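Below is one structure, written out as structure tokens, with a few remarks after it.
A, B, ... follow the sequence lines: proteins, then strands. Residue 1 opens every chain. Because the structure is a prediction, the values reported are computed rather than measured.
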Amino acid sequence: MKIVIAEKPSVARELAKVFGATNKKAGYIEGKGYSFTWAFGHLLQLAPPQDYGFYGWKQQNLPMLPTKFKLAVRKIKTKDGIVEDPAVRKQLNVIKSLFDECTEIIVATDAGREGELIFRYIYYYLKCKKPFRRLWISSQTDQAIKEGFRNLKPGSDYDTLFNSAHCRSESDWLVGMNATQALSISAGNRAVLSLGRVQTPTLAMICSRYIETKNFVPEIFFQVAIQLQKEESFFRAISAKNYKTREEAETIMAKVLDAATGNEKGGLIASVDAKAKKEPPPLLHDLSSLQQEANKKKGYTADQTLGILQNLYESKLVTYPRTGSRYIGDDVFATVPDLISKFTDHPLFGKDATFLLNNKLNKRSVNAKKVTDHHAVLPTGEYAGHLSSDRQAVYDMVVGRMIEAFHQECIKETTKIIVSSGSDFVANGTVIQSAGWRSVFNDNDEEKKDEDNATLPKVIKGESLAITNKAVLEKQTKPKPLYTEATLLKALETCGKDIEDEELRYAMKESGLGTPATRASIIETLIKREYIGREKKNLVPSKKGLAVYDVVKNKKIAQAELTGQWEKRLEEIREGASVKDFKAEITDYTKNITQELLAAGTGLYNLLKEA
DNA sequence: GCAAGGTC
């Protein structure tokens, strides 16, 4: 008998289905000479400090550097404190007895670093010695699964991948546990002041933006606006320059040739520049883009959206939610027309779904190379029935985005008119000529509305128009807005782009800070620690958060670059580089940061005492 | 009491 172990039940079920295994047992499915079982993500975690004899939070324990890390069954919080998760223990027992019976293990955890770690931690914890081979697929279509099983890889091919995953895991423990205790102890052990490779740079981003915004001194500037008339329609043009003083602007306004100055038609059209602009449809959603949209449109937190989406996934209405890819492969694309056909009667999207069935689908979101562990979020096409309003809203975002993504380009005409009347004035206009994908939700770019005349009348270069009104506008420069969950998620994904070193930027390009599965919980952690709070949609640091930021802001642990450096080294390890060197560096760094923080928390001591 | 990672 062979055992196939997947990362989660849904994948094990899919694999069993393809094999025709149907005998459902407790914790696995049996049939055709195979048993298909599963984990629930990480079943095992690195044991906490007390398991190595580091009791209490004491300076003399620091730095805590276990010579050999231990694994412990995942814990949950109950009213009786933190206990082993009984469901996890039960599943481990199932896996153990299957491992004992089998002749071979087929590893079908997700095709990535953490998937490898999930399996290896189980394998080593159970002290299993059975041979294993690796299934490496990135979509769960029948075709991909069959192909994957024909091409099982030797388990040892992924030893270096495990090494890199193992280093990631232990390094996060070493830096996080030690830094957290060091800062908490030096601040008087009054509260948990957690620090970590991901949460601390995230806190730093929120704090530095907050401080920047608070210290922002707006600059006042002036513009001159004129209103022009072309036959029955009016439009507005704004001075091409901004002016520092009202006097300057008034001087410019005085030169405008309007009716009051005796000019019937004093606005000369100096140029008309019309361009067709093609806007491709947006990509399909990954978790992060969906969380951003749900935060913008409905005000849901990242955590709420993840919960709702998980719920839809468990109801088999959407595909796997914790994906970081916005693409699908050709195998999934082949199922899209059928999927779209399920929505031709949909009250919101039916018209566009029907349109798509009769037209060539846009393939912008189809790229097998950009599908990583999972593909983009799609509806499954199962009948949805009645959903609660929040589930309906998120489901509609998934369905609507699918319709958009395969739709045609939106074609706009943008027009820039320069009017000369004493000085130069500019009018911008945008007209949608063919809505394409924009017909799905029918909402337009929010950003530009302010400055743009939606439509401009047809004018020709050289003609003169009457100026019917003029005014000086007082404006001020605005600070960057505080982070909302939507903009923070975006920043976590792309913080690599702010990094100057090219190699580090490359190392972070694929990952950013945190992962799709963890970003919501990072925000929740910062809130739980009372480092930040929510004010309307904004994320605002507390006094405590700002004080912690002040202590760590110039240290490596507060920089996103730290993740970039690690990712670069972890990738080298995956390619075969020494694990020992990296571990030595991490140990050194742990010692340094621990010493620094033990000496740094005195200011925090007073702040926490007051509170 | 603590990290970051995965998932119900």
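For A:R534, the side-chain hydrogen bond (donor to acceptor under 3.5 Å, both in side chains) partners at least two apart in sequence or on another chain are A:E485, A:E524. The side-chain hydrogen bond (donor to acceptor under 3.5 Å, both in side chains) search around A:T78 returns none, not counting sequence neighbours. A:Y395 meets the side-chain hydrogen bond (donor to acceptor under 3.5 Å, both in side chains) test with no other residue; sequence neighbours excluded. For A:R197, the side-chain hydrogen bond (donor to acceptor under 3.5 Å, both in side chains) criterion is met by A:D172, A:T563, not counting sequence neighbours. For A:K490, there are no salt bridge (charged side-chain N to carboxylate O under 4.0 Å, His left out) partners two or more places apart in sequence or in a different chain.
At the heavy-atom level, A:L195 lies under 4.0 Å from the strands shown only through sugar-phosphate atoms. Heavy atoms of A:P49 sit under 4.0 angstrom from at least one base atom. Within 4.0 Å of A:S194, counting heavy atoms only, lie sugar-phosphate atoms of the nucleic acid but no base atom. Residue A:V198 is in sugar-phosphate contact alone, with no base atom involved, counting any heavy-atom pair closer than 4.0 Å across all strands shown. Counting non-hydrogen atoms under 4.0 angstrom, A:R190 reaches nothing in the nucleic acid.
The ring of A:W173 does not lie on top of the base of B:dA4; it is either too far (5.5 Å or more) or too tilted (30° or more).
Note: NZ (A:K75) to P (B:dC2) measures 13 Å, nearest angstrom. Here the C1' atom of nucleotide B:dC2 and the CD1 atom of A:I593 are 15 Å apart, to the nearest Å. The distance between atom CD of A:E524 and atom P of B:dG5, rounded to the nearest whole Å, is 16 Å. As rounded to whole Å, 10 Å separates atom C1' of B:dT7 from atom NE2 of A:H42. For the pair A:D80 CG and B:dG1 C1', the interatomic distance rounds to 17 Å; values are reported in whole Å. Computed from coordinates, the A:N61 CG to B:dC2 P distance equals 17 Å when rounded to whole Å. The CD atom of A:E116 sits 15 Å away from the C1' atom of B:dG5 (whole-angstrom rounding). The distance from atom CZ of A:F40 to atom P of B:dT7 is 13 Å, rounded to the nearest whole Å.
Residues from residues 180-188 of chain A with heavy atoms under 4.0 angstrom of DNA chain B, sorted by number: A:T180, A:Q181. Of the residues in residues 305-314 of chain A, those with a non-hydrogen atom less than 4.0 angstrom from any atom of DNA chain B are A:Q310, A:Y313, A:E314.
In terms of position along DNA chain B, the nucleotide closest to A:M64 lies nearer the 5' end than the nucleotide closest to the other residue of the pair A:D110 and A:M64. Comparing A:E170 and A:Y320, the nucleotide of DNA chain B nearest to each residue sits closer to the 5' end for A:E170.
Figure legend: A:R209 and A:Y483 shown as a cation-pi pair, the cationic atom lying under 6.0 angstrom from the six-membered ring centre and within 45 degrees of its axis.
OP1 or OP2 of B:dT7 sits under 4.0 Å from a side-chain N or O of A:R322. At B:dA3, none of the side-chain N or O atoms of A:Q45 fall inside 4.0 Å of OP1 or OP2 (strictly under the cut-off). In terms of phosphate contacts, A:R529 brings no side-chain nitrogen or oxygen within less than 4.0 Å of OP1 or OP2 of B:dG1. Using a 4.0 Å cut-off, no side-chain N or O of A:S169 falls inside it from OP1 or OP2 of B:dA4.
Listed nucleotides B:dG1, B:dA3, B:dG5 differ in distance to A:L46; the shortest reach to its side chain belongs to B:dA3.
Residue pairs meeting the ring-ring contact (aromatic ring centres under 6.0 Å, His included) criterion with at least one member in residues 167-196 of chain A, sequence neighbours excluded, are A:Y52-A:W173, A:F69-A:W173. Within the structure, side chain to side chain donor-acceptor pair (under 3.5 Å) pairs that include any residue of residues 549-559 of chain A comprise A:D550-A:K553, A:K555-A:E596 (at least two apart or interchain).
Without hydrogens or angle criteria, A:T319 side chain to A:L378 main chain gives a donor-acceptor distance under 3.5 Å. In this structure a side-chain-to-backbone donor-acceptor pair under 3.5 Å is present from A:T380 to A:K316.
Counting only N and O atoms by type, the side chains of A:Q291 and A:T305 include no donor and acceptor under 3.5 Å apart.
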